[in-house]
Amino acid sequence: MTDVVLVLMVGGLAVFVGAIVQGSVGFGVGLVAAPVLTMLDPGVMPGAIQVVNMTLPLFTLATEWRRVDWRGVGFATLGRFPGSIIGAVVIVYVSVYARSIFVAVMVLVAVVLTARALSVPRNGLTVTSAGFVSGITGTATGIGGPPIALVYQNAKGAQIRATLAMFFFLSAAQSLVILAVVGELPASALTTGAALIVPMVLGFAVSGPLRRYLDGGKVRVAVLTVAAGSAVWLLAQNVVTRMWPA
């Protein structure tokens, strides 16, 4: 089995599962698939997952675009642009191992702080700050969902999905442009990302029944669970890779 086939099969399965999660909760495809794709072929990351990140939100927006919090998207996008510039610097000068560990620890800290609080204030400052952090982590690793999702965790299911979808679409497009400018977007990343759109569509189709279940007041728990689980997985993957390099 060639490396390309392995990436498409195993990475495709991760994207399929991630699309189910994101279609249900509002984020998650990067959290689930980025660690797997990075382990299989670091050379196509984070460009490949950004192609998926830009495409998947369109399916959510096709049905729930009326629920977008446009004010929040504006603040988040405003913060994300300078964060993306920093993320581009990180991806050029910092190793995959170091930035992956940083993201995993950051996500776990955010989950713990959020879980201990009754709510996270959602205002211009917090949303802009979340967008800034998301710009750094999203551009550097393809995982930009947790900061924004944690700020919106108490929103209604449809609103959090629609708002995150619009933000992720704009963010991924922005990251792809920046990655291309700094020379970190090889053709293999684009072709791999395009191939992964197929399992992404299948995963989103499966997420429909789960959306109705989570809309019954379970979104906050789901958001925290997905974020924490993916961070632990990212840490474990990096520790294993460090101990037993290929």
Side-chain angles (χ1 to χ4, degrees), residues 1-22 27-58 84-104 107 134-146 168-169 171-204 230-231 233-242 244-246:
M1 183 180 296
T2 66
D3 291 342
V4 173
V5 173
L6 184 64
V7 169
L8 294 180
M9 289 182 61
V10 180
L13 178 61
V15 168
F16 172 77
V17 174
I20 295 175
V21 175
Q22 182 155 323
F27 81 112
V29 67
L31 289 170
V32 175
V36 176
L37 290 170
T38 300
M39 181 170 57
L40 293 172
D41 187 357
V44 302
M45 289 295 289
I49 198 63
Q50 291 293 8
V51 173
V52 176
N53 284 340
M54 188 178 71
T55 308
L56 180 55
L58 298 177
S84 296
I85 301 299
I86 296 175
V89 174
V90 169
I91 198 173
V92 171
Y93 293 105
V94 179
S95 69
V96 171
Y97 173 79
R99 63 179 184 253
S100 296
I101 293 295
F102 166 75
V103 170
V107 171
S134 177
I136 298 174
T137 61
T139 301
T141 69
I143 301 176
F168 290 155
F169 171 74
S171 299
Q174 184 184 85
S175 290
L176 286 171
V177 171
I178 291 175
L179 290 172
V181 169
V182 300
E184 293 291 338
L185 187 62
S188 59
L190 295 175
T191 55
T192 300
L196 293 173
I197 290 176
V198 175
M200 178 210 75
V201 173
L202 295 175
F204 181 82
S230 62
W233 163 245
L234 189 58
L235 279 173
Q237 178 253 313
N238 277 278
V239 170
V240 170
T241 302
R242 200 71 167 183
W244 294 284

Name each donor-acceptor pair under 3.5 Å that joins a side chain in residues 4-22 to protein atoms two or more places apart or in another chain, with its distance.
{"unit_1": "Q22", "atom_1": "OE1", "unit_2": "G28", "atom_2": "N", "d": "3.3"}
{"unit_1": "Q22", "atom_1": "OE1", "unit_2": "V29", "atom_2": "N", "d": "3.1"}

Tabulate below the donor-acceptor pairs under 3.5 Å that side-chain atoms of residues 190-198 make, not counting sequence neighbours, or state none.
{"unit_1": "T191", "atom_1": "OG1", "unit_2": "A187", "atom_2": "O", "d": "3.2"}
{"unit_1": "T191", "atom_1": "OG1", "unit_2": "S188", "atom_2": "O", "d": "3.0"}
{"unit_1": "T192", "atom_1": "OG1", "unit_2": "S188", "atom_2": "O", "d": "2.7"}

Report, one line per pair, each donor and acceptor closer than 3.5 Å where one atom sits in a side chain of residues 173-185; sequence neighbours left out.
{"unit_1": "Q174", "atom_1": "OE1", "unit_2": "R80", "atom_2": "NH1", "d": "3.2"}
{"unit_1": "Q174", "atom_1": "OE1", "unit_2": "S84", "atom_2": "OG", "d": "2.7"}
{"unit_1": "S175", "atom_1": "OG", "unit_2": "R80", "atom_2": "NH1", "d": "3.1"}
{"unit_1": "S175", "atom_1": "OG", "unit_2": "R80", "atom_2": "NH2", "d": "3.1"}
{"unit_1": "S175", "atom_1": "OG", "unit_2": "T139", "atom_2": "OG1", "d": "3.0"}
{"unit_1": "S175", "atom_1": "OG", "unit_2": "S171", "atom_2": "O", "d": "3.2"}

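Here the straight-line distance linking atom OG1 of T141 with atom CD1 of I136 works out to 11.0 Å at 0.5 Å rounding. Atom-to-atom distance recorded for F204:CZ and T55:OG1 is 12.5 Å, nearest 0.5 angstrom. Between the CG atom of D41 and the CG atom of D3 there is a distance of 7.5 Å, given to the nearest 0.5 Å.
Here the closest heavy-atom approach between residue A140 and residue P46 is recorded as O-CG, 4.0 Å. Closest non-hydrogen pair, A33 versus I49, comes out as CB-CD1, 3.7 Å. Nearest heavy-atom pair, P186 versus G43, reported as atom, atom and distance to 0.1 Å: CG-O, 3.6 Å. The two residues G144 and S134 make their nearest non-hydrogen contact at O-OG, 2.6 Å.
Judged as a ring-ring contact (aromatic ring centres under 6.0 Å, His included), and not counting sequence neighbours, F169 has no contacts.
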